[in-house]
Amino acid sequence: MEAWLIILVSLSACFFIKLLFSLLFSSKKNESKGHLFPPGPPPLPIIGHLHLLPKSTIELRSLLSNLSQKYGPVLTLLVGSKPLVFITSYPIAHKALVKNSAIFANRPPVVPVSYVLSNKHKDIGGSPYGLTWRVLRRNLVSAALHPAGLKSYSFARKRSMETMINSFKQQSSKQEGKAGAVRLFEHLHQAAFSLFILMTYGDIGEDAIREVEHIQYTFLVSYAKFSVFANWPRLGKLVYRKRWQKYTEFLRRQYDILMPHIRARQKLKQEKKVGKEVVDLVTYTDTLLDLEISEGAGKLEEADVLSLSSEFINAGADTTATMFQWVMAYLVKYPRVQAKLFAEISQVVKQGAEEVKEEDLQRIPYLKAVILECLRIHPPNTSLVPHTNTEDMEISGYNIPKNTTVLIGTAIIGRDPTVWENPMEFRPERMMTSTSNDNGTGGEEVGDVTSFKMLPFGAGRRMCPGYKYGSLILEYFVANLVWNFEWKAVDDVDLSEKEEFLVVMKNPVRAQVIQRRVK
Ligand code: HEM
Ligand SMILES: *[C@@H]1O[C@H](CO)[C@@H](O)[C@H](O)[C@H]1NC(C)=O
Ligand SMILES: *[C@@H]1O[C@H](CO)[C@@H](O)[C@H](O)[C@H]1NC(C)=O
Ligand SMILES: *[C@@H]1O[C@H](CO)[C@@H](O)[C@H](O)[C@H]1NC(C)=O
Ligand SMILES: *[C@@H]1O[C@H](CO)[C@@H](O)[C@H](O)[C@H]1NC(C)=O
Ligand SMILES: *[C@@H]1O[C@H](CO)[C@@H](O)[C@H](O)[C@H]1NC(C)=O
């Protein structure tokens, strides 16, 4: 069914012939490269490269790395008549994102993630480059993710972490073999979501947190199905009626679940105004309720606050939960790495201490290296959120006309054999630089993610605003899991990937959990 739908849409092609020609020629001669589109395989009439495009982004990644070997690191595929440009090399991607930052920071008119998630209401990730985006992003960075703001949530991080540790304690067993195996995913997922829900709506209680987590997760697993309505809104509604019903049903339930929490924050704020003593932390929702896009424009609509708060929960929790699972999978698979990490933590944390504190993290470089190495091999998505350019621009000698959708292949970039030796080998040590000197002082250091030739968080103006915070959470949670327990494989850890909303483990990791200090 999807095939004829696609063909029908493609029939409306108007630039097709022009592009077809430029593509056919650009793949053959390169004297006049500067005036041409990036190369690609020969397209078919009308459908372009639709016959080549796989459904999952994991297969797309494999296709692109094959095509890159033939056509180079900048290439074009036509979706009907619409060109999609892909970049698969770090220097080219970095240059486009950073040097051309101002004209390359736009988003295509419809970013499916954003459309499906927010039902056309405001969000940061999908907003075009402009005033609204700037104000919303500044609010996120200067309020919720500001160092001072982050400090006030440290209780939330500690609580989510302790809840997780306690749930593992209950499950930990000295029983050998598969019988004592625990599936990690649910616990890690809950910890990440609890934290971001607390930051968004305040302390709404364990049951309400689970309810919010559940509705947000429903979206994440249904995303692939729902995204058809972003690409073909009118036709999609006609063709996929049942799916449309499910989508509207999801939106209604999400509204019913999230809106009361937003109204509760609103009420709390008004009570404060009339002078009642309300001691509470400032949540992300509170900052949104106060926000005006421009002076005198009035406050955001309730539906916008809902969409933005939902974006915050998903953008923050789903990425960290996904990364969290990959990190733990590698630690279970490679006991050598886990043992080395534990040894480093032991040098920093006092014997018998209950917790690895956030202040301690700075002194555990190997922990940072482990997380960076996971981000390199398994960035949560195979590509960045699509970018588009507001002016014509040149990328690596090719001309990219304005409004072209450009996808940056983060996963290919992290596994580029010309940059990373044995890219599929998991070796956190490669992230470390030695600072020791002749007289024996110094040690090992690990730089910020931006000092490496990889782009798990993007770069430039659209770079993930949560990259420092995401890393902090991962470090804090992982350090405590390794400090409290030994994680032993019960079977061969399978690192195959599966596409959900992000790229997750096909077979979620299981492990035997052994408490290190039993009182
Ligand atoms: C390990 C964790 C994370 C990873 C790997 C990650 C990755 C990314 C990537 C690749 C992008 C797109 C960049 C681009 O298009 O150039 C992005 C955007 C974004 N991320 Fe993250 N992220 C993580 C955690 C977070 C956290 C904790 C938050 C905050 C609450 C967050 C909020 C956002 C937002 C709001 C955007 C949209 C930015 C814009 O379009 O201006 N992310 N993230
Ligand atoms: C095109 O450029 C590549 C290197 O950039 C070169 O190896 C190749 O010979 C060129 N092809 C033609 C037809 O000029
Ligand atoms: C890419 O090439 C490899 C090896 O030649 C092949 O196994 C794989 O199927 C190709 N992937 C795609 C999507 O064409
Ligand atoms: C993931 O990557 C695909 C392309 O590979 C892109 O279409 C999609 O928007 C990305 N999703 C997210 C959440 O970044
Ligand atoms: C580019 O996109 C913008 C906004 O979608 C539109 O107003 C403009 O006409 C487009 N320009 C071209 C050359 O297609
Ligand atoms: C060790 O050498 C470094 C420079 O290489 C110097 O800055 C430092 O003071 C020396 N430390 C001692 C204890 O000699």
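Whatever order the structure lists them in is the order used to number ligands and atoms, beginning at 1. Numbers for residues simply follow the sequence, beginning at 1.
- Between the side chain of Thr388 and the backbone N or O of Thr404, at least one donor-acceptor pair lies under 3.5 Å.
- Below 3.5 Å of separation, one finds an N or O of Arg137 facing an N or O of ligand 1.
- Using a 4.0 Å heavy-atom cutoff, Arg107 is listed among the residues neighbouring ligand 1.
- With ligand atoms numbered from 1 in the order given, ligand 4 contributes 3 (C), 4 (C), 5 (O) to contacts under 4.0 Å with heavy atoms of Thr57.
- The protein heavy atom nearest to atom 30 (C) of ligand 1 is Phe312 CE1, 3.4 Å.
- Of the options Leu188, Thr322, Val370, a side-chain contact (heavy atoms from CB on, under 4.5 Å) to Val327 is made by Val370 and by none of the others.
- Applying the 4.0 Å criterion to heavy atoms of Thr382 picks out, from ligand 4, the atoms 5 (O).
- Phe501 CZ, 3.5 Å is the protein heavy atom nearest to atom 13 (C) of ligand 4.
- Distance from atom 13 (C) of ligand 1 to its nearest protein heavy atom, with residue and atom name: Arg462 O, 3.3 Å.
- Looking at His378, His387, Met463, Lys468 and measuring to atom 14 (C) of ligand 1, the nearest heavy atom belongs to His387.
- Each of the atoms 13 (C) of ligand 3 lies under 4.0 Å from some heavy atom of Leu63.
- With respect to atom 6 (C) of ligand 1, the closest heavy atom belonging to the protein is Phe457 CD2, 3.5 Å.
- The six-membered or imidazole ring of Tyr240 lies away from that of Trp244, with a centre-to-centre distance of 6.0 Å or more.
- Residue Ser62 has at least one nitrogen or oxygen atom sitting less than 3.5 Å from a nitrogen or oxygen atom of ligand 3, judged on distance alone.
- The ring of Phe501 has its center closer than 6.0 angstrom to the ring center of Phe219.
- For the residues Ala321, Cys464, Ser114, the heavy atom positioned nearest atom 17 (C) of ligand 1 is part of Cys464.
- The ring of Tyr398 has its center no closer than 6.0 angstrom to the ring center of Phe37.
- Heavy-atom proximity to Pro386, at under 4.0 Å, picks out these atoms of ligand 4: 9 (O).
- By the definition of a contact as any protein heavy atom under 4.0 Å away, atom 7 (O) of ligand 3 is not in contact.
- Counting heavy atoms under 4.0 Å from ligand 1, residue Tyr467 does not touch it at all.
- The nearest heavy-atom contact from the protein to atom 36 (C) of ligand 1 is Pro465 CD, 3.5 Å.
- Side-chain atoms of Asn106 come within 3.5 Å of backbone atoms of Tyr129 as a donor-acceptor pair (strictly under, hydrogens ignored).
- The aromatic ring centres of Phe324 and His189 sit 6.0 Å or more apart.
- There is no protein heavy atom closer than 4.0 angstrom to atom 4 (C) of ligand 3.
- Here is the list of ligand 4 atoms found below 4.0 Å of a heavy atom in Val385: 14 (O).
- Among protein heavy atoms, atom 10 (C) of ligand 1 sits closest to Pro456 O, 3.2 Å.
- Against a heavy-atom cut-off of under 4.0 Å, Ser383 is close to the following atoms of ligand 4: 1 (C), 2 (O), 4 (C), 5 (O).
- Which of Asn381, Leu407, Asp318 comes nearest to atom 1 (C) of ligand 4 through a heavy atom is settled by distance: it is Asn381.
- Remark: minimum distance from atom 2 (O) of ligand 3 to any protein heavy atom is reached at Asn66 ND2, 2.3 Å.
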